[in-house]
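In what follows, residues are counted from 1 in the order of the sequence shown. Every number for a ligand or one of its atoms is a count from 1 in the order of the listing.
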Amino acid sequence: MKHIDIIEILKGQYTDQKVTVCGWVRTSRDSKNMAFLELNDGTTLKHLQIVIDKAVMSDISEFMKLGTSLKVEGTVVKSVVAEDSVEVNAESITVLGVCPPEYPLQKKRHTLEYLRTIPALRVRTNTFNAVLRVRSVISACIHEFFQERYYTYVHTPLITGSDCEGAGEMFKVTTLPFNHEFKTEEEYDAADFFGRRAALSVSGQLEGEVAAMALGKIYTFGPSFRAEKSNTPRHVAEFWHVEPEVAFAELPDIIEIAEDLIKHIINTVLTKCPEELKFFNAHFEKGLIEKLENVVANDFAVMTYTEAIEALKASGKEFQYPVEWGADLMTEHERYIAEEVCKRPVFLTNYPKEIKSFYMKQNADGKTVAATDLLVPTVGEIIGCSEREADLDKLLEAMTIRGMNIDDYTDYISLRKFGSVPHSGFGLGLERIIMYVTGVQNIRDVILYPRTVGTIS
Ligand code: 4AD
């Protein structure tokens with residue numbers, strides 16, 4: 001069906017021309033001689049006004065129902081009320097799909113909680129129209145960032161035999177039906193599809209490191225899976241993960257790359273999504289645009305974990321979880337550091353080695369690792385980053401202390417035997433950066449179909 005995108009018509013190039021447009025009715029208003037519809041086709045947040053002269057079209061009742069899909073032929077004219085806009089004087093209207101009154105999106109605004117119960121329809125709201133476009137723009141600009149800087153995009157496997165984060169929060173992959181034939185777990189795993197235990201990957205990092213040891217600079221961008229039972233506004237079981245891995249980069253180098261990427265993302269959204277940001281600024285976070293402009297104009301803070309613990313202790317605040325050197329930081333601590341202490345994004349560095357992953361480079365103090373998390377106000381952690389342990393003996397020691405099965409990681413270990421180099425990388429959660437850029441506070445509302453513990457729709 002040949003038709004013009006509404007975004008093109010609203011740009012004004014078709015004024016005084018005959019056009020065909022298609023879309024869904026978002027609002028309708030009837031008066032004595034005229035009727036007005038607002039049509040949206042998803043190419044922009046803005047709706048196109050369709051003006052109906054009732055002397056020309058009398059039977060308009062079907063067109064007026066919200067959610068109905070229409071094909072409209074008519075002439076584009078300057079808007080009578082908004083000087084800088086255009087509308088279409090309808091000459092003929094065809095109903096493509098009727099929409100009965102039980103269509104749930106009748107009210108102007110619905111709660112996000114209610115919208116989560118109608119995933120197939122919530123995409124038709126302004127919020128999801130804006131979120132999904134920002135998500136698309138961010139995804140494209142992430143590729144642009146790396147491609148322009150000589151990184152190779154590699155596709156790491158989603159099914160894996162090793163646990164990158166060592167946290168054991170993996171979804172098992174199996175083809176074996178339930179039965180009680182096996183005496184041990186090992187026997188059961190051996191009889192399975194791969195002849196050993198397999199799971200959905202929590203991160204492409206380990207294979208990303210393999211590629212970086214040949215291609216120098218690589219990135220992966222795909223889904224990661226975590227069977228964490230964290231029913232929080234920041235966790236989903238399936239999220240999109242951006243993971244660069246850079247040979248010859250030490251911790252300060254990778255911190256610089258991470259800051260540049262975040263600023264590139266924000267600058268791109270400021271330039272390419274002004275309408276969407278205005279919408280989020282009005283409905284989700286007052287001062288959002290100013291916040292984003294400030295973030296790109298200023299350096300991010302850098303603070304050690306030890307300094308953060310001191311600041312938390314000195315705060316006099318009652319936290320739900322205790323603050324002690326050696327303890328993992330909770331969202332309440334992370335947010336306090338980013339929001340109250342630094343008042344901007346902050347790289348927290350040099351965490352105690354016991355609370356971080358086996359692959360992180362051990363610092364000379366014997367207590368900490370060269371790792372950093374990027375914490376941002378309102379969201380908390382959006383990036384997990386580290387320099388990798390390039391020394392074979394130290395790596396093996398860290399794995400042994402954690403009781404890991406060395407045989408599951410032979411490829412990874414071999415990188416330290418054959419021309420090992422200092423290297424670093426990080427993981428950015430796509431949904432978390434979208435939350436930060438849009439002000440949307442629940443991760444379930446920045447992804448088409450959220451997968452969370454106990455819910456799959
Ligand atoms: O800090 P994480 O666990 O780091 C890694 O997976 C490393 N292997 C990355 C690397 O160095 N290549 O996860 C990285 C980021 C987090 O900062 C967060 O933004 C996101 O991934 N993330 C999640 N996002 C949504 N839901 C979850 N359950 C997430 N778990 C991690």
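- Among protein residues, C164, E165, S203, Q205, R226, E228, R234, H235, V236, F239, H241, E243, Y359, E381, I382, I383, G384, R388, G425, F426, G427, G429, R432, I443 come within 4.0 Å of ligand 1, judged on heavy atoms.
- Taking the six-membered ring for Trp, F358 and Y409 have ring centres closer than 6.0 Å.
- Ring pair F225/F171: centre-to-centre distance not below 6.0 Å.
- Salt-bridge check for K172 with D189: passed, with a basic side-chain N closer than 4.0 Å to an acidic carboxylate O.
- Rounding to the nearest 0.5 Å places CG of N350 at 11.0 Å from NZ of K356.
- Here the NZ-CZ distance, from K217 to F146, works out to 10.0 Å after rounding to the nearest 0.5 Å.
- Between F221 and H241, the gap from one ring centroid to the other reaches at least 6.0 Å.
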